[in-house]
Structures are given as C-alpha cells and as structure tokens.
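This chain uses plain numbering: 1 for the first residue, then up along the sequence. Note that the structure is predicted; figures quoted are calculated from it, not measured. These numbers come from the heavy atoms of this one structure, side chains and all, not from hydrogens, waters or symmetry mates.
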Amino acid sequence: VSAANSAGSDTKSTILIYTPPIRRPVVQITNPAIDPLNTSAATINLTAITQNIDLPSQVQVLHNGNQVSNFTFANNMGSLSSFALVSGSNNFEVRVQNDFGQANDQTIVIYQAPVPGPTVDIKSPASSPWTSPVDKVNITAITKNVSSKADITFTKNGAAMSNFSFNGNVIVANNVPLSVGQNIFVITVRNQSGQATDQTVVIYKKPVVVLPPVVTIMAPINGLSVSAPKVNLNAMVTNVSSKANVSVKLNGQLVNGFNLNGASVTANNLSLKPGSNVITVSGRNSAGQDSKSATVIYQAPVQAPTVDIKS
C-alpha cells in the first residue's frame, strides 16, 4: 500500500498465504443395504454415494476383483443396474480417488439360484384304484428335483416303508405285500422349495379256493344183490352249490326225483330191472367233477312149484 503528499511518500506491504480446503474423498454403498446379502435373484442393482468426487474417472467399481465399466456416475451418486450375479459369493468394491487421497467401500452378495419344487408321479400301477390278482405289487414312480432317498417318504396305509430304492429319479418298490381289501400307497418328496405328493390305491381280493367235488355212495353198496324191485339211494356230494351241479342216473337214464340237502343226495324207490342195475351219482363245479357208481343185482324171487291133479 503506497501513499504520497507534498511532504513525501510511504509504502507498506503484507503477504497473504491461501491454503485451499482439504477435500478428502468419501464413498458409501447404500444398496444393497444388508451386508452380506443372500438372494435368489439373478441380478442386482448397486448404488453408492460419494463426497468430493467430481468425475466418473475418479470412480472405480470391481466385482470379484474385476473392473466393471457399465456403471453410471452423476451428482455424487454411482449406480450399477441389473448386474448379473454368479452363483455363490459376489464381492463388490467401489473405489474413489481425488488429489487428496482415496477411499473405498465394499459389500458381499451371495446368490443361490432358486431350486424348482419337487414332483412325483406314480407310473405303476398304471391306474388307481387297481385290483391285484395276487397278494404282492410292484410300484414305480418318477421324480424331479429330488436329490436323495432321505427326501422321500413312502407309506402304505399310513405306515412308513423303507424297502424301496431310489436311483437317479426313479423310485421302485418290488413285491410289496398287500393286505386284503384297500391298500393306499402315498409317496411324498421334498426339497428346499417345498414338497409334492402322489398316491395310488391297490385293491386285493383274496381268491376263493374252489375244491373239486367228491362223490361217495353209502347205499346201496356196490355189488348188492336184492330180491325187491325197489332200492333207496343215499350218497354224499361235497363242494357243490346246487342241485343243478348233481346228477343221478339209473342204468344210464337220468333220475329227476332225487333230493339234495347240503351235501346229502337221496333218492327213494328206484325201480330195478332184473339182473344188473348201475346207479351213478355225479357232481361238478368250476374245479372239476367226480362220479361214483354202485351196481345192484336184482333177482326176482322164484315162485314155488305147484301141481293140481285135475282127474
């Protein structure tokens, strides 16, 4: 500063030193807000806010150590939109730098792809309900998205079964014993996304064992000789259900007037011819037939001789 008048002049000086403010960089990842973040979404949006950063060139974004170029930066905010995640750990780091230094922030996103829900479909027996002709059944089912036998529950009429195999995606249970009547088989499969169930009904009717008929003639005994022209029949025919399954013949001719009471067959006053007479009793059913015969010899009584002197 200088001043002057008629008496002279004077000058004084001072020095001012300007030190600009220190603008250290700051960065903070605001999205995702959780660190680490577990997600089943295949992409993520990343957002970070900065201070004292003016240019995109002062910002660097890294994913698992590799630089990412498709981010935007404006107004102290950087963003990364719909970034594709890799399975497992995804480490994001945002670095900022200016003339006064550098700063960084990072976050971890753990991506686990969603597991499709399990399915199960019983293929054999092919229909439900299904009637089995035998007391055992083979069951086959096809699954999807099931990893082990431990993820399968197999029940018969509510009781857990363990005697089945699981190979690949196929469940097999062979020679499963059936109860008489209705057998309800339920297969449930599970994974981390849920569970699925299928069931089938197998009906087992125990077959009725039909025994073949057995004929026994109690009277008359075979080879009996009689002097009366009539004889009574007494026989047994087992394992027949009606009179239609029984026949009685005398000398090859059907006898209609016989009675069937349970297994007892009777016929009274069968007329004999002189000499040999064959009585045949037969029984039949779905399992077979049987016949028995008895021979009766009729010898008519010989009249005593008479003599009459007329003259």
- Message: Among residues at least two apart in sequence or on other chains, which ones pass ring-ring contact (aromatic ring centres under 6.0 Å, His included) with Tyr111?
- Response: none

- Is there a donor-acceptor pair closer than 3.5 Å between any side-chain N or O of Thr280 and the backbone N or O of Lys249? no

- Taking atom CG of Asp121 and atom OG1 of Thr140, what is their separation to the nearest 0.5 Å? 11.5 Å

- Task: Let me see the working for Ile203 and Val201 under side-chain contact (heavy atoms from CB on, under 4.5 Å), right down to the final yes or no.
- Result: CA-CA 7 Å; Ile203 298 171; Val201 176; 4.2 Å; yes

- Query: With a cut-off of 6.0 Å (strictly less than), are more than 12 heavy atoms of other residues, nucleotides or ligands near CG of Asn5?
  - Reply: yes

- Message: Quick one, Thr47 with Ser79, criterion side chain to side chain donor-acceptor pair (under 3.5 Å). Give me CA distance, side-chain angles, the key distance, then yes/no.
- Response: CA-CA 4 Å; Thr47 303; Ser79 61; 5.8 Å; no

- Decide side-chain contact (heavy atoms from CB on, under 4.5 Å) for Val189 and Thr119; before the verdict, give the C-alpha distance in whole Å, the side-chain angles of both, and the deciding distance to 0.1 Å. CA-CA 7 Å; Val189 295; Thr119 65; over 6 Å; no

- Would you mind reporting whether Asn76 and Thr50 have side-chain heavy atoms less than 4.5 Å apart? yes

- Task: Say whether Leu178 and Val176 are linked into one hydrophobic cluster, either directly or through other cluster members, by side-chain heavy-atom distances under 4.5 angstrom.
- Result: yes

- Item | Verdict with reasoning, Lys230 to Leu272, per side-chain contact (heavy atoms from CB on, under 4.5 Å) | CA-CA 6 Å; Lys230 304 282 185 181; Leu272 303 175; over 6 Å; no

- Item | Donor-acceptor pair between Asn90 and His63 side chains, under 3.5 angstrom | yes

- Message: Would you compute the distance between atom CD of Gln67 and atom CZ of Arg95 and round it to the nearest 0.5 angstrom?
- Response: 9.0 Å

- Task: Quick one: closest heavy-atom pair of Ile217 and Ala294, and the distance?
- Result: CD1-N, 4.0 Å

- Arg190 and its side chain to side chain donor-acceptor pair (under 3.5 Å) partner, picked from Asn145, Asp151, Thr153: Thr153

- So which heavy atom on Ala235 is nearest to which on Val281, and how close? CB-CG2, 4.3 Å

- Where do Leu250 and Ser271 come nearest, in terms of heavy atoms and distance? CD2-O, 3.1 Å

- Would you mind listing every ring pair (Phe, Tyr, Trp, His ring centres under 6.0 Å) that reaches into residues 165-209, with sequence neighbours excluded? none

- Might you confirm whether atom CG of Asn259 has over 12 heavy atoms from other residues, nucleotides or ligands at distances under 6.0 Å? yes

- Query: Ignoring hydrogens and geometry, is there a side-chain-to-backbone donor-acceptor pair from Asn174 to Asn138 under 3.5 Å?
  - Reply: no

- Task: Would you confirm whether Asn98, through its side chain, and Arg23, through its main-chain N or O, come within 3.5 Å as a donor-acceptor pair?
- Result: yes

- Rounded to the nearest 0.5 Å, what's the gap from CG on Asp99 to CD1 on Ile22? Could you check? 12.0 Å

- Query: Are the side chain of Asn191 and the backbone of Val146 linked by a donor-acceptor contact shorter than 3.5 Å?
  - Reply: no

- Under 3.5 Å donor-acceptor, Asp105 side chain and Ile29 backbone: yes

- Message: Between Ile187 and Thr197, is the side-chain contact (heavy atoms from CB on, under 4.5 Å) condition met? List the steps.
- Response: CA-CA 6 Å; Ile187 301 177; Thr197 298; over 6 Å; no

- Flag the pair Phe83 / Phe92 as yes when their ring centroid distance falls below 6.0 Å, and as no otherwise. yes

- Does Ile139 share a hydrophobic cluster with Met161, counting links as ILVMFWY side-chain heavy atoms below 4.5 Å and allowing steps through other members? yes

- Does Lys273 NZ have over 12 foreign heavy atoms under 6.0 Å away? yes

- Message: A quick test of your reading: do over 12 heavy atoms of other residues, nucleotides or ligands sit less than 6.0 Å from CG of Leu211?
- Response: yes

- Query: Going by distance alone, is a donor N or O of one side chain under 3.5 Å from an acceptor N or O of the other, for Asn261 and Ser264?
  - Reply: no

- Message: Let me check something: do Ile221 and Val215 share a hydrophobic cluster, defined by ILVMFWY side-chain heavy atoms less than 4.5 Å apart, either directly or through other members?
- Response: yes

- Task: Flag yes if more than 12 heavy atoms outside Lys205 fall under 6.0 Å of its NZ atom; otherwise flag no.
- Result: no

- Which atoms form the tightest heavy-atom contact between Gly288 and Pro213, and what is the distance? O-CD, 3.3 Å

- Residues Val202 and Pro125: closest non-hydrogen pair is CG2-CG, 3.9 Å

- Message: Is it the case that over 12 heavy atoms from other parts of the model lie below 6.0 angstrom from the CG atom of Asn70?
- Response: yes

- Determine whether more than 12 heavy atoms belonging to other residues, nucleotides or ligands lie under 6.0 Å from atom NZ of Lys292. yes

- Value rounded to 0.5 Å, distance of OG1 in Thr266 from CG in Asn234: 7.0 Å

- Look at the side chain of Asn183 and the backbone N and O of Gly181, then say whether any donor-acceptor pair between them is shorter than 3.5 Å. yes

- Message: For a 4.5 angstrom cut-off between non-hydrogen side-chain atoms, does Phe258 reach Leu233?
- Response: no

- Message: Closer than 3.5 angstrom, by distance alone: can the side chain of Asn251 be matched with the main-chain N or O of Val278 as a donor-acceptor pair?
- Response: yes

- Shared hydrophobic cluster, Val120 / Phe164 (ILVMFWY, side-chain heavy atoms < 4.5 Å): yes

- Please answer: with hydrophobic residues joined when any side-chain heavy atoms are less than 4.5 Å apart, are Ile122 and Ile142 in the same cluster? no

- Query: Would you find a donor on one side and an acceptor on the other, under 3.5 Å apart, between the side chain of Asn157 and the backbone of Ile184?
  - Reply: yes

- For Gln112 and Gln192, which heavy atoms make the closest approach, and how far apart are they? NE2-NE2, 3.8 Å

- Query: Are the side chain of Lys123 and the backbone N or O of Ala126 linked by a donor-acceptor pair below 3.5 Å?
  - Reply: no

- Message: If I take atom OG from residue Ser124 and atom CH2 from residue Trp130, how far apart are they, to the nearest 0.5 angstrom?
- Response: 7.5 Å

- Has the side chain of Asp290 got a donor or acceptor atom that lies under 3.5 Å from a matching backbone atom of Arg284? no

